[in-house]
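Structure record follows, encoded as structure tokens.
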Amino acid sequence: MPGRSTITVHADREVHPRRAVAPPIHQTAAFSAEDAQTFADAAVERRGSDFYTRFGNPNHAQVAAVVAALENTEAAMVTASGMAALTTAVLALVSAGDHVIGQRSTYGGTASVLLNLLPRLGVSTTLVDQTDPDAFANALTPRTRLILVETPSNPLLRITDLRAVAGPARAHNVVTMADNTFATPLNQRPADFGIDLVWHSATKYLNGHADVSAGVLAGPAELLDRVWNVGLLTGATLGPVDAWLLLRGLRTLPLRVPRHNANGQALAQALSKHPAVAGVHYPGLASHPQHRLATDQMSGFGGVLGIEFTGGFETADAFLGALQYPRRSAGLGGVESLAVHPASMWRGMLSEQQIGEAVPPGLIRLAAGIEDTADLVADVLAAADAVSATDTKEPVR
Ligand SMILES: *Cc1c(COP(=O)(O)O)cnc(C)c1O
């Protein structure tokens with residue numbers, strides 16, 4: 001087996017081979033065929049790339065080949081965003097009367113699908129505490145069709161025991177689907193633990209340059225065929241240029257992720273010792289309550305950390321304002337460091353109570369980019385010093 005970097009550079013070589021070293025952009029809405037039979041064949045080729053771009057495009061197929069190779073799955077497909085990957089899969093896999101299990105700590109969009117969209121369509125949902133490995137199996141009912149997990153979770157970096165979810169689900173014929181956005185296939189491959197479908201907001205690490213919205217799904221061809229059939233109807237098609245940019249970003253994933261891991265670890269360690277900080281949520285810290293589980297199923301811990309300030313809401317917001325490099329943004333996974341204060345970002349979206357249940361008011365989600373580690377560490381320590389100085393009215397050293 002070649003290494004990850006080799007796979008990432010060459011796994012799409014036989015997809016629409018051309019003499020161009022860089023893949024051409026197939027900026028076309030439709031493809032033509034020589035004769036009726038060829039055309040009819042192209043129309044039914046699942047995740048094909050020669051019929052109509054909503055059905056598939058060579059630029060999609062190239063990304064899919066690389067993602068499937070990295071995730072160690074039979075196949076993959078590309079969607080217009082991470083949320084399109086999730087909703088298309090969910091619509092393909094469940095019907096009115098079915099039951100879906102999800103996590104309490106999960107990406108906001110996923111939470112809305114579980115709490116609002118699915119119940120409105122007659123699908124019941126149960127949200128469990130992912131840190132209890134038995135919680136998923138205990139929530140199974142005869143109507144359960146799907147389990148949605150996310151590990152590490154956004155923004156609290158809680159870990160889900162993938163084996164403990166996949167085993168019982170498989171025994172009950174329940175499809176499991178893991179959001180692998182935070183980990184990336186470089187740090188964790190859910191399919192290796194028995195998870196059926198792996199999905200990503202490719203907007204984040206896979207693309208890595210904060211210039212594309214995209215999603216991917218990886219898994220067995222038979223399951224993806226079902227999702228693809230519904231994808232034709234939801235029509236959340238990634239544009240060929242964006243697919244081309246995504247492939248270009250993907251090529252350097254194996255180079256970028258180790259730096260994100262190193263920066264995440266260094267920032268977590270530095271901040272966890274700072275007096276202004278009540279605690280750091282990062283699975284790479286020995287103090288993380290699930291550090292052993294994280295070490296067992298991950299080979300690196302990623303660039304995202306949650307920092308909780310003793311001073312609460314105001315201190316967290318002031319810390320964000322005092323940072324030199326990370327800018328205030330909801331994004332993550334790109335080459336540049338970004339940070340967000342969820343409790344203030346959600347003020348217009350959620351009630352005080354909903355915010356209080358989802359995140360501590362003093363939490364900052366910091367997504368380390370690929371800048372030099374020493375520069376980022378100096379920056380966050382200076383910002384933490386600045387806010388503890390205003391907290392105590394005198395500099396803390
Ligand atoms: C951003 C994100 C999503 C949603 O992806 P989009 O590409 O923005 O639709 C889903 N899951 C996680 C963990 C995310 O961070």
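Start at 1 and go down the list; that is how both ligands and their atoms are numbered. Nothing here was measured: the structure is a model prediction, and the numbers come from that model.
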Phe301 and Tyr282 aromatic ring geometry - parallel, tilted or perpendicular at 30°/60° bounds: perpendicular

Indicate yes or no for a side-chain donor-acceptor contact from Thr310 to the backbone of Ala276 under 3.5 Å, with no hydrogens or angles considered. yes

Identify all N/O pairs between ligand 1 and the protein with a separation under 3.5 Å and present them as a table of atom names and distances.
residue: ligand 1; atom: 5 (O); partner: Ser201; partner atom: OG; Å: 3.0
residue: ligand 1; atom: 7 (O); partner: Gly82; partner atom: N; Å: 2.9
residue: ligand 1; atom: 7 (O); partner: Ser201; partner atom: OG; Å: 2.8
residue: ligand 1; atom: 7 (O); partner: Thr203; partner atom: OG1; Å: 2.6
residue: ligand 1; atom: 9 (O); partner: Gly82; partner atom: N; Å: 3.1
residue: ligand 1; atom: 9 (O); partner: Met83; partner atom: N; Å: 2.8
residue: ligand 1; atom: 11 (N); partner: Asp179; partner atom: OD2; Å: 2.6
residue: ligand 1; atom: 15 (O); partner: Asn154; partner atom: ND2; Å: 3.4
residue: ligand 1; atom: 15 (O); partner: Lys204; partner atom: NZ; Å: 2.7

What ring pair (Phe, Tyr, Trp, His ring centres under 6.0 Å) pairs are there with at least one residue in residues 311-361, not counting sequence neighbours? Phe309-Phe319, Phe313-His341

Phe39: what forms a ring pair (Phe, Tyr, Trp, His ring centres under 6.0 Å) with it, not counting sequence neighbours? Phe51

Would you call Asp12 and Arg251 a salt bridge, taking side-chain N to carboxylate O under 4.0 Å as the test? yes

Sequence neighbours left out, cut at 3.5 Å: what donor-acceptor pairs do the side chains of residues 160-169 make with other protein atoms?
residue: Thr160; atom: OG1; partner: Gln103; partner atom: OE1; Å: 2.6
residue: Thr160; atom: OG1; partner: Gln130; partner atom: NE2; Å: 2.8
residue: Thr160; atom: OG1; partner: Glu150; partner atom: O; Å: 3.4
residue: Asp161; atom: OD1; partner: Arg163; partner atom: N; Å: 3.3
residue: Asp161; atom: OD1; partner: Ala164; partner atom: N; Å: 3.2
residue: Arg163; atom: NH1; partner: Asp296; partner atom: OD2; Å: 3.1

